[in-house]
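This one's a predicted model, so the numbers in the text were calculated from it and none came from an experiment.
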Amino acid sequence: MRKLGRGHIHGSYRVDAAGRSVFLQRLNEHVFPDLDAVTHNVELVAGTLAAARLRDHTRDRRRSALSPLRSDHDAWIERDPAGRAWRAFGFIDGAHGVALARRPSQAAAAARAFGLFFHDLAALDPARLRITIPDFHDTPARLAALDRAIERDVANRATSAAPEIAFATGRRALGARLMAALAAGRLPLRVAHNDAKVANVLFDDATGGALCVVDLDTVMPGLAAFDAGDLVRSMASLAAEDARDPSRVKLRPGVVDAVLRGWLAGAGRAVTPAERASLVSGALVITFEQGVRFLTDYLESDRYYKTTRPGQNLDRARVQFALLRALEADEDRLERVVESV
Ligand code: GN1
Ligand code: MG
């Protein structure tokens, strides 16, 4: 059994036994208390993607969708003697993940894979999915959680985060942009991945091309702009998400443009004009929201995101806010990029 990956949430392992390889995960029930709901969504989405893959002869059938495995007891989840929950997928071999997209072409390939994901799930009624983490990309709700954390200040850290708190509370209007458009019926509810980033794409070892979108745990009803926005957020800069010096955050305009173009190419005709027009706002809002989440966790004493050193969640928040400033400065140009596709 070999430990894999860098995710903040589950523990992931490769197991080779009886002539086959399995991707085994120990599930984090603190983050996902309703594993029945997670399992329902993963099975429904993986099945829908597999069916789309069968209709498309240009894709690698075996390696372009996850295949959840049942246990010997015909269950999707098994508990070990300590009560911990485990699940398994067929191992996708000859593939690798990447933590950072180095070149625009790689960023475009990852974004296109998520665009295809959107395209392939466009006919799936989002109401069939269960809510695994309520209000996941509801930025105003995330701001309300930040307000509570500031108010309680359980770890006495609010003073050390005063500039970040001021930054976040000054941008409430930005935080409301997407949810207001959804509530007003201007944007359609969709099946969204909700954790769209290059690290959740597998690339073919042989060709370097994007094979498959992974990590379906947060797939829920959502907006196109959540995923396209998170892709921009996670690839826009080469700085580490927890860089100690936020001045290392530099926008890579060529990569950002490639992400927007790549996502639109994958989504094709499944995307509506209003959705297209929301993608750049999505990048700003989701970057802001991620900073708000890290800042909240810092104030709540690092309960959610794993940390390996003091101040790591505050550094993470600072990086997101630096990135947001850079995206805001480039917003008009990015809107023109989307219009030109
Ligand atoms: C978490 O563990 P990972 O890297 O898949 C988080 C995402 C954040 C991300 C930030 C369920 O994802 O929402 O964008 O960290 N996932 C959950 O690095 O909260
Ligand atoms: Mg994830």
Side-chain angles (χ1 to χ4, degrees), residues 1-51 53 59-100 110 113-114 117 120-121 129-133 136 191 193-206 210-220 234 241 303-308:
M1 184 147 120
R2 191 156 61 80
K3 182 107 176 71
L4 302 167
R6 304 179 183 78
H8 298 313
I9 310 292
H10 304 307
S12 301
Y13 305 85
R14 175 183 177 143
V15 179
D16 301 292
R20 78 196 287 209
S21 300
V22 163
F23 179 76
L24 191 67
Q25 281 187 310
R26 190 189 63 241
L27 302 173
N28 181 331
E29 291 180 83
H30 177 67
V31 172
F32 294 102
D34 188 351
L35 289 184
D36 282 346
V38 172
T39 303
H40 166 86
N41 290 352
V42 170
E43 201 201 343
L44 179 59
V45 169
T48 307
L49 292 173
R53 173 189 66 179
R59 282 188 262 172
D60 181 326
R61 292 188 184 192
R62 199 174 52 78
R63 298 193 299 158
S64 60
L66 288 178
S67 46
L69 301 177
R70 288 181 196 269
S71 72
D72 294 346
H73 309 108
D74 210 25
W76 295 115
I77 289 190
E78 287 287 343
R79 295 205 175 258
D80 66 20
R84 292 172 305 193
W86 296 80
R87 72 171 170 205
F89 295 92
F91 198 88
I92 298 182
D93 46 24
H96 59 276
V98 306
L100 286 173
F114 273 100
F117 177 93
D120 290 348
L121 295 171
L129 293 168
R130 293 175 55 185
I131 305 297
T132 50
I133 304 182
F136 192 65
V191 176
H193 182 282
N194 291 315
D195 193 14
K197 54 185 174 188
V198 69
N200 281 336
V201 175
L202 291 181
F203 291 85
D204 193 332
D205 289 346
L211 271 179
C212 179
V213 166
V214 300
D215 190 358
L216 304 178
D217 298 322
T218 48
V219 173
M220 279 183 278
S234 56
E241 207 168 68
R303 290 187 313 177
Y304 191 90
Y305 291 106
K306 285 180 203 158
T307 54
T308 53

Write down the atom of Gly97, the atom of Leu202, and the distance for their closest heavy-atom approach.
N-CD2, 4.2 Å
Could you check whether atom CZ of Arg20 has more than 12 heavy atoms from other residues, nucleotides or ligands sitting under 6.0 Å from it?
no
Can you check whether Thr39 reaches Asp36 side chain to side chain, under 4.5 Å on heavy atoms?
no
Does Arg2 reach the side chain of Tyr13, with side-chain heavy atoms less than 4.5 Å apart?
no
Can you name the nearest heavy-atom pair linking Val219 to Asn194, along with the distance?
C-ND2, 4.2 Å
With Val191, the side chain to side chain contact (heavy atoms under 4.5 Å, CB included) member among Leu44, Leu129, Asn41:
Leu129
Evaluate the side chain to side chain contact (heavy atoms under 4.5 Å, CB included) criterion for residues Trp76 and Leu69: first the C-alpha distance (whole Å), next the side-chain angles of each, then the deciding distance (0.1 Å), finally the verdict.
CA-CA 7 Å; Trp76 295 115; Leu69 301 177; 5.6 Å; no
To the nearest 0.5 Å, how far apart are CG in Leu49 and CG in Leu216?
7.0 Å
What are the two closest non-hydrogen atoms of Ala110 and Phe203, and how far apart are they?
CB-CZ, 4.0 Å
Side chains of Val22 and Arg14 in contact at under 4.5 Å (non-hydrogen atoms):
no
To the closest 0.5 Å, what do you measure between CG (Leu35) and NE2 (His40)?
14.0 Å
Looking at every non-hydrogen atom in both residues, tell me the closest pair between Ala206 and Asp204 and how far apart they are.
N-OD1, 2.9 Å
Would you say Val15 and Phe23 make side-chain contact, with heavy atoms under 4.5 Å?
no
Taking every heavy atom of Glu29 against every heavy atom of Ala85, the minimum-distance pair comes out as OE2-CB, 3.8 Å
How would you list, by chain and number, every residue that makes a side chain to side chain donor-acceptor pair (under 3.5 Å) with Asp120, sequence neighbours excluded?
Arg59
Can you confirm whether or not the ring centre of Tyr304 sits under 6.0 Å from the ring centre of His30?
no
Side-chain heavy atoms of Phe114 within contact of Lys197, under 4.5 Å
no
Once rounded to the nearest 0.5 Å, what's the spacing between atom OG of Ser67 and atom CD1 of Ile92?
6.5 Å
Where do Ile131 and Phe136 land on the side chain to side chain contact (heavy atoms under 4.5 Å, CB included) test, with the steps shown first?
CA-CA 9 Å; Ile131 305 297; Phe136 192 65; over 6 Å; no
Should the heavy atoms of other residues, nucleotides or ligands under 6.0 Å from CZ of Arg79 be counted, would the total exceed 12?
yes
From Asp195 atom CG to Met220 atom CE, the distance as rounded to the nearest 0.5 Å
10.0 Å
Identify the residue among Arg87, His73, Arg84 that makes a side chain to side chain donor-acceptor pair (under 3.5 Å) with Glu78.
His73
Could you pull out the closest heavy-atom pair between Thr132 and Ala37, with the gap in Å?
CG2-C, 3.8 Å
Could you check whether any side-chain heavy atom of Asp93 comes within less than 4.5 Å of a side-chain heavy atom of Ser21, counting everything from C-beta outward?
no
His193 vs Asp215, side chain to side chain donor-acceptor pair (under 3.5 Å): CA-CA, chis, key distance, verdict
CA-CA 8 Å; His193 182 282; Asp215 190 358; 5.6 Å; no
Under a plain distance cut-off of 3.5 Å, with no hydrogens placed, do His10 and Asn28 share a side-chain donor-acceptor pair?
no
Rounded to the nearest 0.5 Å, the CZ atom of Phe91 sits from the CG atom of Asp16 at a distance of 7.5 Å
Quick check: do Trp86 and Gln25 have side-chain heavy atoms less than 4.5 Å from each other?
no
With side chains defined as the heavy atoms from C-beta onward, is the minimum distance between Phe117 and Val201 less than 4.5 Å?
no
